[in-house]
Amino acid sequence: MLRYYFMLGLRSLRRNPALTALMVLTLAIGVAASVSTLTILHVMSSNPLPDKNGRMFVPLVDNGPLSGYTPGDKTRDNQLSYRDAVNFQNSKMGERRSAMYGVGGTIEPQNKDLGPFGSQGLAAYRDFFPMFETPFLYGQPWSEADDTAGADVIVLSRKLAQKLYGDANPVGQRMSLMGGQFQITGVLDTWEPVPRIHRIVGSSAFGSEDSYFIPFTSAIRHQQGVDGNMSCSGNREPGFQGTLDSECTWLQFWFEMASDGQRGELQNYLDSYAQEQRKLGRLKRNAPNQLFSISEWMEHLRVVGNDNKLSAWLAFGFLALCLVNTIGLLLAKFSVRASEVGIRRALGASRADIFRQFLIETTVIGLVGGVLGLLLAFGALALIGMQSKQLTVAAHMDWIMLTMTFVISVAAAILAGLLPTWRACQVTPAIQLKSQ
């Protein structure tokens, strides 16, 4: 019987084609708007390394002055001082660890036609690459010995390597950066989580096509100042471009533990470290020491801002408006079929049969609207991808979002069809037979 009603629903699409087209288009636009917004929020807020959420942590200790401090307050800074970062790096805690900060410099290509140009990079330790699971197109990260020596070695992004060397493998060649010669050890491949990692690491090296990575110790040796994403708390304004010093320069630090369940061990180390530094007179405040997992860090940084959440609510509000319009169109569509309902009731059909038939018809409309809405959503995401480099790779719909498109569409059609279907069931057979 359901199959019969489903076929009736398909046939009903040919009745009142103008009304049917308006209903399908209304549902499709509402679904496309809500699903596109939901997909973008999903891409922006999803964990870039879900398998490591219980193993990777960002530590924060409060290195601020006593003035204006209320006991119990948490630190308002999102980075560590250079001295704390170096101490953590030398602690040997966890399986991997890396201090990092954004740098910038001028590249002088061998191809004189290109001319010198500025580029953003990231200074980090070798552990950064396996920690964030970076794929390599050519070569590999620099060695631990390079970290120790502060060697002038560099890893290029794929876009920067293609810009400088075309499709050739540049590993082993030397390039001019910041007035020095850096040897290329590797080239990163296209990396899908880049936009999300860019937001949690905070360096523009992940958002720039012309990005590179150099050893943290090499950046220190070259006295590379922090970029605009790092700031000196209290003493300098955000965007400080000076040289590194032990207390004023602020960096980000990541630990990766060997297994889940070692958070308590890392927290104990952090508390012991802070207590020791207070005894030495470095840490003035008795503020709580904080550890953030990847998802907690994204929440702390408010990766998905209130304005983005508001846009999602507005999209669903638009979907609700589309539902109201669909209800009116369905009332108009079903009202002209009163005689059909009367005849069916006179021949023995129950109100439940009529309700089931009309509700399945609205479901068919929802499915068609879902297909069209899916096409519109793909088009919207493709347009956003062309406008935003950070969403070129990431703005996509996985099978969960595909399923959700049809669920939202069918649910919207069913909700919109409840009132018109109920009204259709109230038709009195005798009146319809008499009028006919």
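When a residue number appears, it is its place in the shown sequence, counting from 1.
In this model, no donor atom of one side chain and acceptor atom of the other lie less than 3.5 Å apart for Y273 and N289. A side-chain N or O of Q267 and one of D271 form a donor-acceptor pair less than 3.5 Å apart. Side-chain N/O atoms of S98 and D127 include no donor and acceptor closer than 3.5 Å.
Seen from the ring of F57, K52 does not count as a face-on cation partner, given the 6.0 Å and 45° thresholds.
A salt bridge does not link E256 with R263: none of the charged nitrogens is closer than 4.0 Å to a carboxylate oxygen. Ionic pairing of D189 and R158 is present here: one or more N-O contacts between side-chain nitrogen and carboxylate oxygen are shorter than 4.0 angstrom.
One finds the NE2 atom of H300 at 13.0 Å from the OG atom of S295 (value rounded to the nearest 0.5 Å). Within the model, atoms CH2 of W297 and CG of N53 stand 14.0 Å from one another, a figure rounded to the nearest 0.5 Å. Separating the CZ atom in R97 from the CZ atom in F253 is a distance of 7.0 Å, to the nearest 0.5 Å. Atom OG of S81 is separated from atom CG of D62 by 11.0 Å, given to the nearest 0.5 angstrom. To the nearest 0.5 angstrom, I365 atom CD1 is 5.5 Å from T20 atom OG1. Note: I360 CD1 to L367 CG = 11.0 Å, rounded to the nearest 0.5 Å.
Counting only heavy atoms from C-beta outward, the side chains of P59 and Y269 never approach each other to under 4.5 Å. The side-chain heavy atoms of L137 and L188, taken from C-beta on, include no pair separated by under 4.5 Å. In this structure the side chain of M178 reaches within 4.5 angstrom of the side chain of I214, judged on heavy atoms. Residues L415 and I327 fail the side-chain proximity criterion, which asks for heavy atoms closer than 4.5 Å. Contact check for M257 versus L266: side-chain heavy atoms found under the 4.5 Å cut-off. Counting heavy atoms from C-beta outward, I107 and L160 have side chains that approach closer than 4.5 Å. Inter-residue side-chain proximity for Q277 and N87 is flagged as met; some heavy-atom pair is nearer than 4.5 Å. In this structure the side chain of P215 reaches within 4.5 angstrom of the side chain of W142, judged on heavy atoms.
For Y138 and F136, the distance between ring centers is not under 6.0 angstrom. Between F182 and Y212, the distance from one ring center to the other does not fall under 6.0 angstrom. Ring to ring, W254 and F132 are close: their centroids are under 6.0 angstrom apart.
In this view, D260 and R55 satisfy the side chain to side chain contact (heavy atoms under 4.5 Å, CB included) rule, not counting sequence neighbours.
Nearest heavy-atom pair across I294 and P48 is CG2-CD, 4.1 Å. Smallest separation of non-hydrogen atoms from D147 and R126: OD2-N, 2.9 Å. In terms of heavy atoms, Q162 sits closest to D167 at NE2-OD1, 4.2 Å. Residues T362 and L359 come closest through the heavy atom pair OG1-O, 2.6 Å. Shortest non-hydrogen contact noted between L376 and A32 is CB-CB, 3.6 Å. Of all the heavy atoms in L156 and M175, the pair that sits closest is CD2-SD, 3.6 Å.
Dense packing is recorded around CD of E95, with more than 12 heavy atoms of other residues, nucleotides or ligands lying under 6.0 Å away.
Between the side chain of D84 and the backbone N or O of L80 there is no donor-acceptor pair closer than 3.5 Å. No donor-acceptor pair closer than 3.5 Å links the side chain of Q89 to the backbone N or O of V86. For the pair Q262 (side chain) and A258 (backbone), a donor-acceptor distance under 3.5 Å is present.
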Step by step, would you call L372 with L25 a side chain to side chain contact (heavy atoms under 4.5 Å, CB included)?
CA-CA 8 Å; L372 182 58; L25 185 60; 4.2 Å; yes
One pair to check against side chain to side chain contact (heavy atoms under 4.5 Å, CB included): L177 and T106. What are the steps and the verdict?
CA-CA 6 Å; L177 172 67; T106 300; over 6 Å; no
Side chain to side chain contact (heavy atoms under 4.5 Å, CB included) evaluation trace for M56 with L49:
CA-CA 9 Å; M56 285 181 59; L49 299 168; 3.9 Å; yes
Assess the residue pair T134 and F213 against the criterion (side chain to side chain contact (heavy atoms under 4.5 Å, CB included)); give the C-alpha distance rounded to whole Å, side-chain angles, the decisive distance to 0.1 Å, and a yes or no.
CA-CA 12 Å; T134 59; F213 304 81; over 6 Å; no
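Under the ring pair (Phe, Tyr, Trp, His ring centres under 6.0 Å) test applied with F216, the options F128, F88, Y101 reduce to a single match, Y101.
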